[in-house]
*Asks:* 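Encoded as structure tokens, here's the structure I'll be asking about.
Residue numbering restarts at 1 for every chain, and letters A, B, ... go by the order of the sequence lines.
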2 protein chains.
Amino acid sequence: MRHYCLPQGLSSDDVNTLQKVIVNARTIKRGETLFRVGDTFDTLYAVRSGSLKTVVSTPNGSGREQVMGLHLGGDALGLEGFDNGRHACHAVALEDSSVCLIPYVHFERACRETSALQRRLLQLLSREVVRKSTQTLILGTLRADERVAALLLDLSARLKHRGYASNEFNLRFTRDDMGSFLGITLETVSRTLSRFQAKGLIDANGKLIQILDFDGLRAI
Amino acid sequence: MRHYCLPQGLSSDDVNTLQKVIVNARTIKRGETLFRVGDTFDTLYAVRSGSLKTVVSTPNGSGREQVMGLHLGGDALGLEGFDNGRHACHAVALEDSSVCLIPYVHFERACRETSALQRRLLQLLSREVVRKSTQTLILGTLRADERVAALLLDLSARLKHRGYASNEFNLRFTRDDMGSFLGITLETVSRTLSRFQAKGLIDANGKLIQILDFDGLRAI
DNA sequence: CGTGATCTTGAAGCGCTTCAACACAAGTGG
DNA sequence: CCACTTGTGTTGAAGCGCTTCAAGATCACG
């Protein structure tokens with residue numbers, strides 16, 4: 001339990017309370033969908049292992065899609081549903097993954113009994129706001145190479161925080177997903193990575209990325 | 001009270017509870033700052049009258065800034081602070097405005113006593129996540145003219161929801177602010193508005209905008 | 001081993017930015 | 001009150017960064 005997102009900052013009593021409301025876990029295969037736009041929001045999710053992306057479609061029927069978030073092990077998922085009781089995005093597994101399911105009605109009761117849990121939930125939602133704000137800032141102000149560098153550094157930091165190597169990782173998503181997430185085309189992503197490699201900043205072999213020069217990436 | 005953001009969906013008893021924790025209001029003049037990046041988060045804000053923008057600076061010292069949000073009367077403000085207890089953006093008044101101040105410690109206590117209030121807070125935070133997601137989608141997928149149209153329609157809908165005219169409004173922010181919010185330059189904003197006017201979609205005289213053809217704007 | 005998905009790279013084109021000049025409105029001080 | 005300054009908005013022209021289209025290479029998976 002202690003690896004996961006929710007219990008951080010909770011006493012062991014509180015964790016026990018939480019443990020009781022987590023009914024079960026679910027495994028989903030690569031490419032499968034955990035929930036879709038419009039699904040009723042009655043469950044909180046937390047990524048246990050693997051990774052997922054959240055995706056939305058543009059309102060007008062142009063068929064364009066945008067990757068809104070990349071969720072690694074330990075991340076919460078589906079918090080946007082509080083607003084109107086329905087999910088506002090699709091969640092798709094990027095690899096075979098497993099997620100914790102927490103029925104919201106149980107969780108809400110536990111929140112009233114345990115103020116630490118209530119605070120934790122507010123913090124998670126607030127963190128989501130900050131994360132989205134960062135993404136908005138990236139899409140609003142940065143050039144393509146700055147966006148790619150920011151994504152690599154963000155992934156590196158998140159993996160490090162989870163105890164994995166921070167300088168080498170295997171991307172679970174395609175160039176298309178990266179581009180969609182960053183608001184650029186997959187060709188631009190590919191060209192940018194090639195340029196980074198030519199400069200000696202990274203070593204990229206398809207989905208396997210090794211960061212060679214952190215300061216160089218940060219300086220872009 | 002009932003015009004404001006927080007009480008929606010609350011019983012009159014609950015509203016009374018809430019009323020007690022709102023210590024006071026504060027007026028701020030155009031251009032003044034309500035809070036800054038790094039300020040300790042100990043107060044929730046709600047716009048009572050007027051309007052404010054929230055602004056962040058890019059992490060690297062390039063001096064670039066981005067408008068993150070435009071907050072009209074009734075909107076909540078400063079919710080991003082839950083994450084780490086410090087504000088992640090500046091809040092600047094776009095005109096002479098007044099805001100409600102709600103000390104967070106009082107509010108948190110009221111939340112535990114009143115589950116409707118707790119749910120309302122979660123909903124507000126979640127709405128903020130959805131709003132940021134929409135903004136990310138706009139910056140990630142839309143062309144300049146689509147972005148400007150989306151902003152005009154969004155403002156129109158929000159003003160209508162507040163009981164104002166939906167087809168005519170006086171922008172309180174500059175072309176520069178609009179451009180920053182939409183991730184384009186102020187020149188592109190100006191050119192786009194001129195083009196809309198030439199097409200008969202709007203009538204724009206500086207900050208005074210009149211929407212003539214809603215369907216036309218939506219179809220862009 | 002073959003087939004479809006994914007990735008890389010090139011070349012042409014376009015949308016937006018940048019730079020610049022000017023018009024206009026708002027606010028300020030003599 | 002007007003001249004002045006300052007901030008804001010409009011429009012044009014040149015340039016650049018990214019997209020689009022296209023072709024081939026490489027990878028992944030049944």
Side-chain angles (χ1 to χ4, degrees), chain A residues 29-32 53 58 62-67 92-96 138-149 151-152 170-199 202-209 220, chain B residues 29-32 53 58 62-67 92-96 138-149 151-152 170-199 202-209 220:
Chain A
K29 292 209 178 300
R30 188 189 123 118
E32 279 184 2
K53 64 175 175 181
T58 46
S62 62
R64 282 175 288 184
E65 283 202 336
Q66 162 117 8
V67 174
V92 180
L94 292 165
E95 58 191 308
D96 294 357
I138 286 174
L139 296 188
T141 64
L142 301 190
R143 294 192 313 273
D145 53 350
E146 296 174 313
R147 297 185 196 191
V148 174
L151 175 58
L152 294 180
N170 210 321
L171 301 177
R172 314 314 310 222
F173 40 86
T174 66
R175 300 281 188 268
D176 203 5
D177 287 332
M178 283 179 77
S180 171
F181 184 62
L182 297 174
I184 55 183
T185 59
L186 66 96
E187 293 94 331
T188 301
V189 172
S190 181
R191 274 186 257 268
T192 303
L193 289 174
S194 299
R195 218 174 311 124
F196 283 177
Q197 179 149 15
K199 285 185 191 169
I202 65 170
D203 186 32
N205 273 54
K207 291 195 164 52
L208 191 69
I209 304 267
I220 285 176
Chain B
K29 290 207 180 300
R30 187 187 122 118
E32 278 185 2
K53 64 175 175 182
T58 46
S62 62
R64 281 175 289 183
E65 283 201 337
Q66 161 116 8
V67 174
V92 181
L94 291 166
E95 57 191 310
D96 294 357
I138 286 173
L139 296 188
T141 63
L142 302 190
R143 293 192 314 272
D145 53 350
E146 296 174 312
R147 299 186 194 190
V148 174
L151 176 58
L152 294 180
N170 210 319
L171 301 176
R172 314 315 307 220
F173 40 87
T174 66
R175 300 284 188 265
D176 202 5
D177 286 331
M178 283 179 77
S180 171
F181 184 61
L182 297 175
I184 55 183
T185 59
L186 66 96
E187 292 95 332
T188 300
V189 173
S190 182
R191 274 186 258 268
T192 302
L193 289 174
S194 298
R195 218 174 310 125
F196 283 177
Q197 180 149 15
K199 286 185 191 169
I202 65 168
D203 185 33
N205 273 54
K207 290 193 164 54
L208 192 70
I209 305 267
I220 285 177

*Asks:* Quick one: CG on A:L171 to CG on A:D177, what's the gap to the nearest 0.5 Å?
*Replies:* 10.5 Å
*Asks:* So which of residues 185-193 of chain B are in contact with DNA chain D, with a heavy-atom cut-off of under 4.0 Å?
*Replies:* B:L186, B:E187, B:S190, B:R191
*Asks:* Scan A:G183 against the nucleic acid and name what it touches under 4.0 Å (heavy atoms): base, sugar-phosphate only, or nothing.
*Replies:* sugar-phosphate
*Asks:* Using the C1' atoms of five pairs at each end, what's the angle between the two axes of the helix from C:dC1-D:dG30 to C:dG30-D:dC1, to 10 degrees?
*Replies:* 50°
*Asks:* Looking at B:D96 and B:R30, would you say the former's side chain and the latter's main chain have a donor-acceptor pair under 3.5 Å?
*Replies:* yes
*Asks:* Any donor-acceptor pair under 3.5 Å linking the side chain of A:S180 with the backbone of A:D176?
*Replies:* no
*Asks:* Do the side chains of B:K53 and B:E65 get close enough for a salt bridge, i.e. N-O under 4.0 angstrom?
*Replies:* no
*Asks:* With no hydrogens and no angle check, is any side-chain donor or acceptor of B:T192 less than 3.5 Å from a backbone partner on B:T188?
*Replies:* yes
*Asks:* Any side-chain heavy atom of B:E146 within less than 4.5 Å of one from B:I138?
*Replies:* no
*Asks:* Mind listing the closest non-hydrogen atom pair of A:D145 and A:F196 along with its distance?
*Replies:* O-CZ, 3.4 Å
*Asks:* Where is the tightest heavy-atom contact between A:G183 and A:L139, given as atom of each residue plus distance?
*Replies:* N-CD2, 3.8 Å
*Asks:* Kindly give the heavy-atom pair with the smallest separation between A:A93 and A:K29, and that separation in Å.
*Replies:* CB-O, 3.5 Å
*Asks:* Test your reading of the model: is there a side-chain donor-acceptor pair from B:S190 to the backbone of B:L186, 3.5 Å cut-off?
*Replies:* no
*Asks:* Could you list by number each residue of residues 170-181 of chain B showing a heavy-atom separation from DNA chain D of less than 4.0 Å, or answer none if no residue does?
*Replies:* B:T174, B:R175
*Asks:* What string of B, S and - do you get for nucleotides 23-30 of chain D 5' to 3' if you count protein non-hydrogen atoms under 4.0 Å?
*Replies:* --------
*Asks:* Going 5' to 3' along DNA chain C, which nucleotides are the first and last within contact of chain A (any atom under 4.0 Å from a heavy atom)?
*Replies:* C:dT6 to C:dA11
*Asks:* Return the value, rounded to whole Å, for the distance between atom CD of B:E95 and atom P of D:dT8.
*Replies:* 15 Å
*Asks:* Under 3.5 Å, side-chain donor or acceptor atoms of residues 202-209 of chain B against the rest of the protein: list the pairs with distances, not counting sequence neighbours.
*Replies:*
unit_1	atom_1	unit_2	atom_2	d
B:D203	OD1	B:Q197	NE2	2.8

*Asks:* Do the side chains of A:V67 and A:F173 get nearer than 4.5 Å, heavy atoms only?
*Replies:* no
*Asks:* Distance check, rounded to the nearest 0.5 Å: A:L151 atom CG versus A:M178 atom CE?
*Replies:* 4.5 Å
*Asks:* CD1 of B:I184 to CG of B:L142: how many Å apart, nearest 0.5 Å?
*Replies:* 10.5 Å
*Asks:* Just by modelled atom types, is the B:L182 backbone N or O under 3.5 Å from a matching donor or acceptor in the B:R147 side chain?
*Replies:* yes
